[in-house]
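Okay, so here's the structure we're looking at.
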Amino acid sequence: MTAETVALSAPNDSADGTGLPVRPLPIGAFPLPLGYLLVPAGADTEAARLDLLAGRLPTTWPDRMAAHRLVVEGDQDAALAALTGDDPVSRFNRFVLDPVGGTPETLRADLGEMGVLVDVVAFTVGVAAGPPVDGAATGEVGALVLCARATHALADGDAAGAVDLLDAAVSLCEGSTPVLAAVLRGAAAGAEQQRAAAPTDGVVDRLEAALRGLDEARDMRVARSETHLAAGLALHELGQTGRAIPHYHAALRLVTSVEAPLVWASAHANLAAAYLTAPMIQASDQLRTGIAVQSLRSALTVYTRADHPTEWASAQLNLANSLVYSPSTHQADNLVEAVELYEEVLEVRSRDEDPMGRARVLANQGNVLAHLGMFDVAKAKLYDARFVFEEFGDVEAVRTVRGVLDEIARQQALRRSED
């Protein structure tokens, strides 16, 4: 049975909007607060309800859904002021926007079989300490109850229990609210990855199933972008770079740096990492390094040393590495910039907290300084790196550094002979 068939046959439709909402409810898929606002029943709101159910924002908002429109526009205070009715839907929507007000007990009773949503909202926004419990809730309402319980299980460290709860939630709602089911599949993928402490093929399968469910949800672009990013990261960690790259590109097509800055920056940074680690098979593959440079520069417009130090340092380091190997007619300028980028990373990577990470940066910087002919400075950096590598027993790294030092010695000897 399709969602539209359920909607058109719902018995509690009310032309004046005073009755309970028509089910299935378009609830839980969009983020708070829009995602938990109920749609008042009535012929004037039915088209908007079906749009929201499919993950689309209505092109025209009915007058009785002014609060929904104002929430989308970012004016939550005006949305709250617009909810002046005393019917259960208006009161519930006021509770969503202002959970500390109202009388939850009365509201729960007035909503009938949907009353447990009061407890779902209270738990989700942190007003209630524990999750709702309602074994009789069905469809999308029951799915949201199980989702809340899964969130509580994850907080308690029970990732396996959360996976089971989310799978059960999907089963409850996939026939009536497929977009909500897709969102829950994505959540189940995250819980499964947490349970396994690493990505698995099952995680990827869940994420790709979630993306299929969100394919037509045109106004859930941030959710789709986040899911593409999660799929890309999982595949990347599984060593399937070729499958990861299209997901990164898809994530970037869906959002801007203003709409979802951290998703956008992460997609750029990881796309660059994928390009830099992919094997160079033919000459044209070198172009990927140039793309990686641009992606890393983009990521660094969001990642800052003050606000995102770990991501900033990683992007800075990858940018420096890519500049060293990027084909360019200004290679000397690239090398100078790389030296400066390495120096900035060294300022945040102390020998006490991350000795090996610092040593690798020193080795890379020393190698670049050697290529620039700054041999004395290069040797100081390389000696420092070699000392750490020897201390931690990294024989291969020691051998590499010694090779660069030997080449510097040959170049210096050649200079002296020429002089």
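Position 1 is the first residue of the sequence, and the numbers go up from there.
Between Val401 and Asn367 the shortest side-chain heavy-atom distance does not fall below 4.5 Å. The shortest distance between side-chain heavy atoms of Glu396 and Phe389 does not fall below 4.5 Å. In this structure the side chain of Pro199 never reaches within 4.5 angstrom of the side chain of Leu233, judged on heavy atoms. By the 4.5 Å heavy-atom criterion applied to side chains, Val71 and Leu97 are counted as neighbours. Residues Val22 and Val39 have side chains not in contact (no heavy-atom distance under 4.5 Å, counting atoms from C-beta outward). Between Phe123 and Thr151 there is a side-chain heavy-atom pair separated by less than 4.5 Å. Side-chain contact check for Leu362 versus Leu382: every heavy-atom pair is 4.5 Å or farther apart. In this structure the side chain of Val183 reaches within 4.5 angstrom of the side chain of Met220, judged on heavy atoms.
Scored by the side-chain hydrogen bond (donor to acceptor under 3.5 Å, both in side chains) test, Arg56 finds Asp51 as partners (sequence neighbours excluded). With sequence neighbours left out, the ring-ring contact (aromatic ring centres under 6.0 Å, His included) criterion links His268 to Trp264. Annotation: side-chain hydrogen bond (donor to acceptor under 3.5 Å, both in side chains) contacts of Thr200 (sequence neighbours excluded): Glu192. With sequence neighbours excluded, the residues forming a ring-ring contact (aromatic ring centres under 6.0 Å, His included) with Tyr303 are His308, listed by chain and number. In this view, Pro355 and Arg351, Val388, Phe392 satisfy the side chain to side chain contact (heavy atoms under 4.5 Å, CB included) rule, not counting sequence neighbours. Residues that satisfy the side-chain hydrogen bond (donor to acceptor under 3.5 Å, both in side chains) test with Asp384, not counting sequence neighbours, are absent from this structure. Residues satisfying the ring-ring contact (aromatic ring centres under 6.0 Å, His included) test with His152, not counting sequence neighbours, are none. Residues that satisfy the side-chain hydrogen bond (donor to acceptor under 3.5 Å, both in side chains) test with Asn270, not counting sequence neighbours, are Ser266.
There is no side-chain donor-acceptor pair under 3.5 Å between Asn93 and Ser90. Counted by atom type alone, Asn321 and Tyr342 present one or more donor-acceptor pairs between their side chains at under 3.5 Å.
Ion pair Glu337/Arg297 flagged as a salt bridge, since at least one NZ, NE, NH1 or NH2 atom sits closer than 4.0 Å to an Asp/Glu carboxylate oxygen. A salt bridge links Lys381 with Glu343: at least one charged nitrogen is closer than 4.0 Å to a carboxylate oxygen. Between Arg185 and Glu208, none of the side-chain N atoms (NZ, or NE/NH1/NH2) sits under 4.0 Å from a carboxylate O, so this pair counts as no salt bridge. Taking a cutoff of 4.0 Å between a charged side-chain nitrogen and a carboxylate oxygen, Arg69 and Glu73 qualify as a salt bridge. A salt bridge does not link Arg108 to Glu105: none of the charged side-chain nitrogens sits closer than 4.0 Å to a carboxylate oxygen.
Listed for the Ser314 side chain is no donor-acceptor partner under 3.5 Å among the backbone atoms of Glu311. Judged by distance alone, with hydrogens and angles left aside, the side-chain atoms of Asp87 form a donor-acceptor pair with the main-chain N or O of Val89 at under 3.5 Å. With Glu237 contributing its side chain and Ala234 its backbone, the two residues share no donor-acceptor pair below 3.5 Å. Between the side chain of Thr304 and the backbone N or O of Asp307 there is at least one donor-acceptor pair closer than 3.5 Å. With hydrogens and angles ignored, the 3.5 Å screen pairs no side-chain donor or acceptor of Arg149 with any backbone N or O of Pro131. Remark: the backbone N or O of Ala278 is paired with a side-chain donor or acceptor of Arg288 at under 3.5 angstrom. Arg64 places a side-chain N or O within 3.5 Å of a backbone atom of Ala41 that can act as its donor or acceptor partner.
Sorted by first and then second residue, the pairs that involve residues 128-142 and meet side chain to side chain donor-acceptor pair (under 3.5 Å), not counting sequence neighbours, are Arg23-Glu140. Contacts classified as ring pair (Phe, Tyr, Trp, His ring centres under 6.0 Å) and involving residues 34-66 (residues at least two apart or in different chains) are not found.
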Distance-only donor-acceptor pairs under 3.5 Å for side chains of residues 159-168, two or more places apart:
from, atom 1, to, atom 2, distance (Å)
Asp167, OD1, Arg206, NH1, 2.6
Asp167, OD2, Arg206, NH2, 3.3

Residues 222-232 side chain polar contacts: donor-acceptor under 3.5 Å, at least two apart:
from, atom 1, to, atom 2, distance (Å)
Ser225, OG, Ala251, O, 2.8
Thr227, OG1, Ala223, O, 2.8
His228, ND1, His247, ND1, 3.0

